[in-house]
Amino acid sequence: MLDTNTTIVTTPVSVRLRRSPFWPRSHAAGGHNYTSYNHTLIAADFKSPEEDYRHLKSAVQLWDVGCERQIELRGPDAKRLAQAATPRDLDKMADDQCFYIPTVDAKGGMTNDPVLIKVDEDHYWVSIADSDLILFFKGVAAAMRLDVCVDEADVWPLGIQGPKAAELARRVWGDDVMNIRFFRHKRMDVNGVPMLLARSGYSTQGGFELYFEGRVGASALWDQLMAMGSDLDVQAGSPCQSERVESGMLSYLSDITPDMTPFEAGLGKFCEMTRDVGCLGWRALREGQEPMRQIRPIEISGGPLPPMREFWRVVSELGEPVGRISSACRAWSYDCNAAIGLIGRSHWQPGTKCTVETSDGPRSAIVRERFWNR
Ligand code: THG
């Protein structure tokens, strides 16, 4: 059945839309409903959205998330340049750490929400969401006359996600993988080449991301993972909309838009506001620490929702507009509709009732205390 919710590209065309080295295997495994992310193809579905979701929550999946492109910052000023983009304090970053960072412009507006990986001293990767953040880094590096090279690295993340991901990784790389803590990384031997394996990923089901370098050997590695995990029911998958909404994992340009601050996005805990860390937007952010609107989990009543192609308005019980829904989906495990809303201060208290104007008509909804998988 065709899911018209996510169909953008059914047949990958042109070299302008890039493909990761895992694309041939992922596509052969049934990837469809492609969309583009960082000018790179990514499949939204394999079986059906519900089957993919249930499988992710019970087994292990390989995700071609090569579209999470890596901006490489390399040189004596690499850290300074990374810090110019984010209010998160990079002095607190350990040598083997990955940091989820809000990035902002000089006015405090969000430009991306990448994962920053400290590869080495003076060497970072910025694993970006869907915006051309590389231009910010190139511009700032030039304007500040920094001693740093800014390039896109030939590195393509492969996600290994799900409750059985740890067992699969252990079989392939040994017991050492069990010592990698959440958002830390370690070099692992990938058929003779050392590559970074991090305990991270865009789900709350547990798992790893392998930062695969180059293109050679990608299919062989994919086949090896599939063979070694066959009794674990390993299957191809990709970031799961329902699972990530239940978990409150935000998506840049859906839930986070460039007019929002990290505080509005609920990412204030990643902002160091007691001292200026060297972030270009720091002064502007200082004014915005008490936002008038913020991301909230919203439960929308009734049966499955129509596909979302635009923001849905949220209105109060009196009919005044109080916010927007940016992502909504069926949360099958909870037998309800889970959504991410941006809600005004007067109506964001848990338990507040509201109406969501879906494309199929109004539905009653309620502001929740927490996201579902938390
Ligand atoms: N992995 C990597 N790169 C990425 C993503 C990823 N780049 C694009 C996109 N995803 C960036 N967005 C997110 C959003 C949430 C998280 C990671 C990247 C995430 N958050 C954790 C959570 O919410 O539980 C923990 C954050 C923390 O505590 O540090 O994982 O998925 N490589």
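Both ligands and their constituent atoms are indexed starting at 1 by order of listing.
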Check this for me, if you would: do Arg324 and Glu264 make a salt bridge, where the nitrogen-to-carboxylate-oxygen distance has to be below 4.0 angstrom?
no

Looking at Arg74 and Asp120, does any basic side-chain N land under 4.0 Å from a carboxylate oxygen?
no

Minimum heavy-atom separation for Gln83 and Val277, please, with both atom names.
CG-O, 3.1 Å

Below 4.0 Å from any atom of ligand 1, which residues have a heavy atom? Give them in chain and number order, please.
Tyr37, Glu68, Tyr100, Asp113, Val115, Ser127, Ile128, Ala129, Phe182, Phe183, Gly201, Tyr202, Glu209, Tyr211, Met249, Phe270, Arg374

Smallest heavy-atom separation, Arg171 atom then Gly229 atom, equals NH1-CA, 4.4 Å

Hey, does the side chain of His347 reach the backbone of Val315 with a donor-acceptor pair shorter than 3.5 angstrom?
no

If we only count heavy atoms from C-beta on, is the Thr261 to Cys271 side-chain gap below 4.5 Å?
no

